[in-house]
Amino acid sequence: MYDVAEVLGRLDDIRSWQEDLYRHLHAHPELSRQEHATAALVARDLRERGYEVLEHVGGTGVVGVLENGPGRTVLVRADMDALPVREATGLDYASTVTAVDATGATVPVMHACGHDVHVSCLLSAARLLAAARSAWSGTFVALFQPDEELVGGAQAMIDDGLAAAVPRPDVALAQHVLPLPAGTVWTRPGPVLSSADTVRVTLTGRGAHGSMPQDAVDPVVLAAAVVLRLQTLVSRETSPHDFACLTVGRLAAGSAANIIPELAELEISVRTYEAEVRRRLLDGLERVVTAECRASDAPTPPRFEYSAHCRATVNDPRVTAIVAEAFGAHFGAAASELERQTASEDFAVIADGLGAPYTYWGLGGIDPGLYGRASVARRLTTDVPVLHSPHFAPVIRPTLATGTEAIVVATLACLRGG
Ligand SMILES: [Zn+2]
Ligand SMILES: [Zn+2]
């Protein structure tokens, strides 16, 4: 029972299907909340393999449930959406797709975050598990989530009644392809991805002719002071032992050189691992902005709008130990400990919403030769394209096989219960 070799024995049989599937998904990316064709393809394949399939969960979400005798329940999640990025990989299966985004603009679309890898690997693992039912017992849930990039899809699936619609998982699992050597897998107990908050700040000044600053409250100068002072929240108010990242990613004001405008707008991203550090940063942000407005004698207090809160991803130590041990046994030296990542994810919303302890691991996707040369030359940051880059191009071999093996190995270990 729980025979990894028996389940993976069929991997060679599906390899060409799997690689064609990946190239098809890569060439046909869909924006967040528009994953209609991807979802339909996934649902059809799961149904053909004997899964009970739920569609349109939280928009375009798809869940396949395979009950296979008594035992535990393991859920594995893959995200399906792509990004508004113009692909520049030069691959013969590169995307040339454009789509209309939520604002009505036509944008290029690319799987620049590797979610096509995630879908291909999970659908492949779902096939293998369905084809080798005598090798395991329990319930396998394959969940395909929409809208990860705008961090809305996980919450949408929970809000749409996911918990009542699927068996309660004992464990939830997810993986993400990363700019690390292909063929490797990476686990980490505890915090692995940061929380993220987006704060929009509106500063109100008093407009005037550019030659008459004495009659104005200049929101451009005010915004400049705010941007610099906010950096001291990390450098002077956060312990060097704690992780915190504060980025003013958007700063907008004014329309012409000779006009002092009325307003300035800032959009700020705040990332942490610890709830207490997050609280202090957000409180500090309001304090600094409010004080700078008073220092400038602004006529109106600043306005703060909070959106897109994404909780930290904190891997359960026990589940992570089970998966790490199974990876060690299967992959040997190709299984290592992952460094904490500063990016954010909404997978934890699904796991928490279903009451399941979880672990989220990394999957290498970069040509090992390229990675090795860049590493020796200390040029990793310049020579290895990262996630969301128009050059991000995971290699098909062995990435897809490794990602599929990782799901099967972790799933069987968690079904067995360690
Ligand atoms: Zn992404
Ligand atoms: Zn991603």
Side-chain angles (χ1 to χ4, degrees), residues 22 25-26 29-35 38-39 42 58-61 76-89 95 97 99 101-102 107-123 143-157 172-180 182 185-186 188 192-198 245 247 249 269 271 308-313 315 338-351 358-366 384-394 399-400 402-403 406-407:
Y22 172 74
L25 292 172
H26 190 82
E30 295 175 293
L31 289 176
S32 304
R33 300 175 194 167
Q34 301 181 15
E35 308 89 342
T38 308
V42 163
T60 59
V76 183
R77 171 275 213 172
D79 38 14
M80 300 189 286
D81 52 333
L83 287 158
V85 170
R86 187 180 307 282
E87 178 153 1
T89 60
S95 164
V97 168
D101 73 9
V107 295
V109 190
M110 174 190 174
H111 267 300
C113 204
H115 298 185
D116 46 356
V117 173
H118 309 165
V119 171
S120 301
C121 292
L122 181 53
L123 206 52
L143 183 145
F144 294 84
Q145 182 202 308
D147 190 18
E148 186 281 324
E149 294 293 353
L150 305 176
V151 293
Q155 192 63 53
M157 290 187 84
L173 306 171
Q175 67 180 349
H176 205 298
V177 65
L178 294 173
L180 291 166
V185 290
W186 306 75
R188 182 180 188 90
V192 65
L193 299 172
S194 71
S195 72
D197 290 272
T198 301
C245 181
T247 294
S269 163
R271 291 171 195 264
H309 168 59
C310 189
R311 71 189 71 181
T313 304
N315 283 338
L338 182 65
E339 283 181 18
R340 291 194 299 190
Q341 308 286 300
T342 56
S344 308
E345 249 279 0
D346 64 356
F347 161 62
V349 172
I350 299 242
Y358 63 84
T359 199
Y360 177 97
W361 69 82
L363 169 71
I366 301 300
V384 176
V386 294
L387 299 172
H388 292 208
S389 156
H391 300 283
F392 183 66
T399 307
L400 296 181
T402 305
I407 292 173

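From a predicted model like this one, the values you see are computed outputs, not experimental measurements. Start at 1 and go down the list; that is how both ligands and their atoms are numbered.
The Zn ion (ligand 2) does not have H118 among its coordinating residues (no N/O/S atom, backbone or side chain, under 2.8 Å). Within the coordination shell of the Zn ion (ligand 1), defined by N, O or S atoms under 2.8 Å, H115 is absent.
The shortest distance between side-chain heavy atoms of D79 and R77 falls below 4.5 Å. With a 4.5 Å cut-off on side-chain heavy atoms, T89 and M110 count as touching. A 4.5 Å side-chain heavy-atom check between E35 and D147 finds at least one atom pair inside the cut-off.
The Zn ion (ligand 1) lies at the vertex of an angle of 90° between the NE2 atom of H388 and the OE1 atom of E149 (rounded to 10°).
Classified by interplanar angle (parallel below 30°, tilted 30° to 60°, perpendicular above 60°), the ring pair Y360/H176 is tilted.
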